[in-house]
Amino acid sequence: MFLIMTKLVKKYYCFTTIFILFSLFMLAKVYFEYHKITTNQEIIDSPQEKCLRNFLQTSTRATLFSGAAFMLLVFFLLKKVRRDEVTYKKQLEEKVSQQNTELRDQVHLLKEYKKVLDLCAIVSKGDLDGNITYVNNKLCQDSGYRREELIGKPHSIFRHPDVPAAVFEKMWNTIQAKQHWQGTLPNRLRDGSTVWNTVTICPVLNIEGKIIEYIGARVNVTELVEKREQLKQALTIDSLTGLPNRAQLLYHLNSMERPTLILLDIHNFSSLNDFYGIEEGDTLIRVFAERVDAFCRNKPFTVYRYHGDCLALLHSDSGTRPFIDFFCHDLIDELTVKPYLLDRHEIPLNITVGVSFALDHPEVEADIALKQAQERKKELYILEESKNLKRELASNLACASRLRTALHENRIVVYCQPIVRARDGQVDKYECLVRIRNPDGTIVGPANFLEIAKKSRIYTKITRSVIQLSCAMFQGLDYDFSINLSTEDILDPAVSECLKNTLLKYDLQDKAILEIIETEGFENYEQVAVFIEEMKVLGCRIAIDDFGTGHSNYERLMKLQVDYLKIDGSIIRRITNDQIHRAITKTIVEVAQQIGVKTVAEFVADEEIAAAARELGVDYLQGYYFGAPQRRPI
C-alpha cells in the first residue's frame with residue numbers, strides 16, 4: 001500500500017499538493033463551523049441536541065485526527081519524493097558528466113587518429129556527385145594543387161589517361177552499393193607527372209543507412225611499383241643483351257599451341273671466350289644479339305637470350321616449313337657474312353641453327369634439333385614430328401616420373417669414391433656421388449637420369465637430398481668430403497640455404513669441399529663468385545670440376561680463388577700415350593702450383609696413369625684403380 005501511494009505521489013506530484021491544501025481548507029472550515037455551533041448560547045440545550053453535539057464533536061475530532069495523520073503521511077511522502085528527486089538529479093548530473101568526459105576522450109582520440117592518418121595518407125572527401133568537399137594538407141603537398149583549386153572540383157581531376165573508364169565505372173558502382181572499393185591506380189599530379197597510389201574509398205552512412213558523402217584515403221606506392229617493375233624486368237630481361245630471357249620464353253611458350261622455336265648457337269664460342277677473355281666474349285654475345293634482333297625487326301619473330309651464346313627465336317604464327325627454311329638460311333647468311341671485332345681482330349663466326357617446327361614440346365625438341373645439327377656438322381637442322389621423337393619424349397617423361405617417386409620415397413642414395421694423396425696413396429678425402437635405388441634394390445647411376453632431371457626441374461631437389469645425406473654420412477668421420485654443384489644449383493636460393501643450414505647443423509663446414517661443375521651455364525659469373533665468397537667465409541673449400549675442357553678459363557680461375565682443380569678424366573686417361581694431353585696436364589699443374597691451388601687427377605684407371613700423374617706433380621688421384629664408388633667410406 002505504501003509503495004502504491006509513493007508511486008502515485010511521484011506520478012501526480014502537483015495534483016497531490018493541491019488536494020492536500022484543499023483538504024486542509026475543508027477541515028479548517030468544518031472545525032470553525034463546529035466551534036461556532038458549540039459556542040452559540042441561543043441553541044436550545046435539549047438532550048437530543050446534546051447527543052448530536054457529542055456525536056459531531058467526536059466525529060469532528062476523529063476527522064481532524066485522521067486528516068492530520070493523512071497530511072503527516074503525505075508530508076513525509078512528499079519529503080521522500082523530494083529527497084529522491086535530489087538524489088536522482090545528482091546521479092543524473094554525475095552520469096552526464098562521466099559521459100561528457102568519455103565523449104571528450106573519444107574526440108581527442110579521433111583527433112589523434114586523424115593526425116596519424118594525415119601524416120601517412122592522402123585524404124579527401126566528396127559529395128554524392130563525386131565533387132571534392134575536403135582535402136588534407138598531405139594531398140595538397142603531394143599533388144601540387146592548392147586547397148582552393150580542388151574544393152568543388154570532381155575527383156576526376158586526378159584521373160590518369162592510361163586507366164580504362166571501366167575501372168572508374170566499377171569503382172562508382174561499388175561505392176554506390178554501400179561497399180568499399182580498393183585498388184592501386186596511377187594518379188596525375190598538377191605538373192602532369194604520374195604517381196601510383198593504393199586507394200581505399202568508403203561511403204559514409206547516416207543513422208538511417210543513407211549515403212551522405214564519400215571519403216577516400218590514398219597511400220603513395222610509386223617506389224614499390226617501380227621496384228616491382230625493376231624486379232620484373234630483372235627476372236624477365238637478360239642484363240647483358242637487353243633481350244627477354246629464358247623465363248620469358250617459357251612463359252610465352254606455355255600460352256601458345258604448337259609454336260615454331262628456333263635456337264641459334266655460336267660454334268666453338270667457348271674457345272673464343274677462353275682466348276679473348278670474358279669481357280670480349282660478353283661483347284661478342286651482345287653484338288651478335290643486336291644483329292639477330294635487327295634482322296628480326298618487322299618480322300613475326302621475338303628474340304630471346306636462351307643461355308650463354310645461344311639465342312632463341314619464337315615465331316608468333318604457325319608459319320610453313322618453306323618459310324621457316326628460307327628465313328633460317330637468310331638469317332645464317334646475315335650473321336656470318338660480316339665478321340665480328342674482338343680485341344681489334346676480325347673474327348668470322350659459324351652459326352648452328354636448330355628448329356622445332358610446330359611440335360608439342362618445342363623447347364626440348366629445338367634443343368634436340370640444335371644438337372643434331374652440331375653432331376652432323378650442319379648449319380641448320382629442322383626437327384619435324386616423328387615417332388622416334390615421341391617415343392623418346394615418352395621415355396623421358398616416364399623417367400621424370402620415376403625420379404619424383406624416388407624423391408618422395410627417399411630412394412636417393414649417396415655413394416662415395418676415395419681420393420688419395422699422390423705421394424703415398426693414402427685416402428685423404430671422398431667425393432659424394434648420387435645414385436638411385438630402384439624398388440627391387442638395383443642401383444642406377446647418374447648418367448641414366450641427371451639430364452632428364454635437369455629438363456624436368458628435379459635436379460636441384462636431388463642436389464638438396466645429396467647435401468643432407470652426405471653430411472649425415474660424414475658426421476663424426478675424420479675425412480674431408482666433396483659435393484658436386486652445378487651453376488643451376490648455385491643460383492637456386494633453396495639449394496644455397498639447404499647447404500648452409502645442413503653444414504652448420506652437422507658442424508662440417510671446415511670438412512666440406514664444393515665441386516663446381518664447369519658448364520656453359522657458367523656465364524653467370526658474378527653470382528657464382530658471390531656464392532664462392534660466402535661459402536669460403538663459412539669455412540668451405542672450393543674445387544673446379546672437369547678442368548681442362550673447352551669451358552676452362554685461367555682468368556676466371558684467378559678471380560674465383562679456388563682451392564682445388566680436378567683435371568678432367570678425358571685428359572688424364574690419355575697422358576700415357578698422347579703427348580698433347582700430357583702437355584695440357586703439365587701446364588695445368590704448373591699454373592696451379594704457381595697460384596697455390598692443389599690438383600686432382602680424375603679417372604685414374606691403372607698404375608701407369610697414376611705414375612704419370614705423380615711424375616707431372618698432381619697432388620691427388622681419383623679413379624677405379626684406387627677404389628670404385630661405394631656405399632660407405634672405408
Side-chain angles (χ1 to χ4, degrees), residues 103-237 242 244 248 251 255:
L103 184 60
R104 284 195 301 271
D105 290 343
Q106 291 177 358
V107 170
H108 176 73
L109 286 176
L110 287 175
K111 289 181 179 179
E112 292 297 310
Y113 296 156
K114 180 179 180 297
K115 184 192 300 182
V116 174
L117 185 63
D118 284 336
L119 288 173
C120 65
I122 301 165
V123 182
S124 64
K125 292 199 299 183
D127 58 21
L128 297 180
D129 295 323
N131 297 318
I132 300 172
T133 59
Y134 166 83
V135 293
N136 68 348
N137 292 333
K138 187 169 179 60
L139 188 147
C140 296
Q141 293 169 2
D142 288 11
S143 68
Y145 286 101
R146 299 190 303 275
R147 184 173 275 100
E148 53 269 22
E149 291 179 303
L150 295 174
I151 301 299
K153 299 292 178 62
H155 272 90
S156 58
I157 192 172
F158 303 115
R159 180 179 298 181
H160 196 280
D162 292 344
V163 182
V167 174
F168 295 102
E169 182 179 354
K170 182 178 180 180
M171 175 198 299
W172 186 245
N173 292 336
T174 300
I175 60 177
Q176 281 192 317
K178 301 180 182 180
Q179 298 175 355
H180 73 278
W181 185 91
Q182 284 184 311
T184 300
L185 298 173
N187 284 162
R188 186 171 53 187
L189 305 183
R190 192 176 190 275
D191 60 4
S193 60
T194 300
V195 295
W196 284 84
N197 291 320
T198 295
V199 185
T200 302
I201 303 176
C202 295
V204 180
L205 310 179
N206 62 12
I207 195 170
E208 297 174 352
K210 294 182 179 179
I211 300 175
I212 56 175
E213 61 181 349
Y214 301 100
I215 185 168
R218 303 174 181 84
V219 177
N220 192 324
V221 293
T222 303
E223 185 177 356
L224 292 177
V225 171
E226 290 175 350
K227 292 291 185 184
R228 183 179 64 186
E229 288 301 315
Q230 292 173 6
L231 181 60
K232 180 180 178 181
Q233 184 173 4
L235 293 174
T236 58
I237 302 298
Q248 191 76 341
Y251 176 78
S255 63

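Numbering of residues begins at 1 and proceeds along the displayed sequence. Predicted, not measured: the structure shown is a model, and the values here were computed from it.
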Please table the atom pairs, donor to acceptor, closer than 3.5 Å between any side-chain atom in residues 195-204 and protein atoms at least two apart or in another chain.
| unit_1 | atom_1 | unit_2 | atom_2 | d |
| --- | --- | --- | --- | --- |
| Asn197 | ND2 | Asn187 | OD1 | 2.9 |
| Thr198 | OG1 | Thr184 | OG1 | 3.4 |
| Thr200 | OG1 | Gln182 | NE2 | 3.2 |

Inset, instruction - Not counting sequence neighbours, which residues clear salt bridge (charged side-chain N to carboxylate O under 4.0 Å, His left out) with Arg190? List them please. - result: Glu149
Legend entry - Residue pairs passing the side-chain hydrogen bond (donor to acceptor under 3.5 Å, both in side chains) test where at least one lies in residues 204-219, sequence neighbours excluded: Ser124-Arg218
Legend entry - Exercise: identify the closest heavy-atom pair between Trp172 and Leu128: CH2-O, 3.4 Å
Inset, instruction - Using the test salt bridge (charged side-chain N to carboxylate O under 4.0 Å, His left out), find all partners of Lys170 that sit at least two apart in sequence or belong to another chain. - result: none
Inset, instruction - Only counting residues at least two apart or in another chain, list the ones meeting side-chain contact (heavy atoms from CB on, under 4.5 Å) with Arg147. - result: Val135, Asn137, Cys140, Ile151
Legend entry - Set of residues satisfying salt bridge (charged side-chain N to carboxylate O under 4.0 Å, His left out) with respect to Glu223, sequence neighbours excluded: none
Inset, instruction - Scan residues 120-141 for pairs that pass ring pair (Phe, Tyr, Trp, His ring centres under 6.0 Å), counting only residues two or more places apart or in two chains. - result: none
Inset, instruction - Report yes if the side chains of Pro154 and Arg159 come closer than 4.5 Å at any heavy-atom pair, otherwise no. - result: no
Legend entry - Results of side chain to side chain donor-acceptor pair (under 3.5 Å) for Thr194 - residues two or more places apart only: His160
Inset, instruction - List in chain and number order the residues that pass side-chain contact (heavy atoms from CB on, under 4.5 Å) with Glu169, two or more places apart in sequence or in another chain; answer none if no residue qualifies. - result: Asn173
Inset, instruction - For Asp191, check side chain to side chain donor-acceptor pair (under 3.5 Å) against everything at least two apart and list the hits. - result: Ser193
Legend entry - With Asp142 via salt bridge (charged side-chain N to carboxylate O under 4.0 Å, His left out) - residues at least two apart: Lys138
Legend entry - Ile132 versus Phe158, closest heavy-atom pair with distance: CD1-CE1, 4.1 Å
Inset, instruction - Identify, with sequence neighbours excluded, every residue that meets side-chain contact (heavy atoms from CB on, under 4.5 Å) alongside Ile237. - result: Gln233
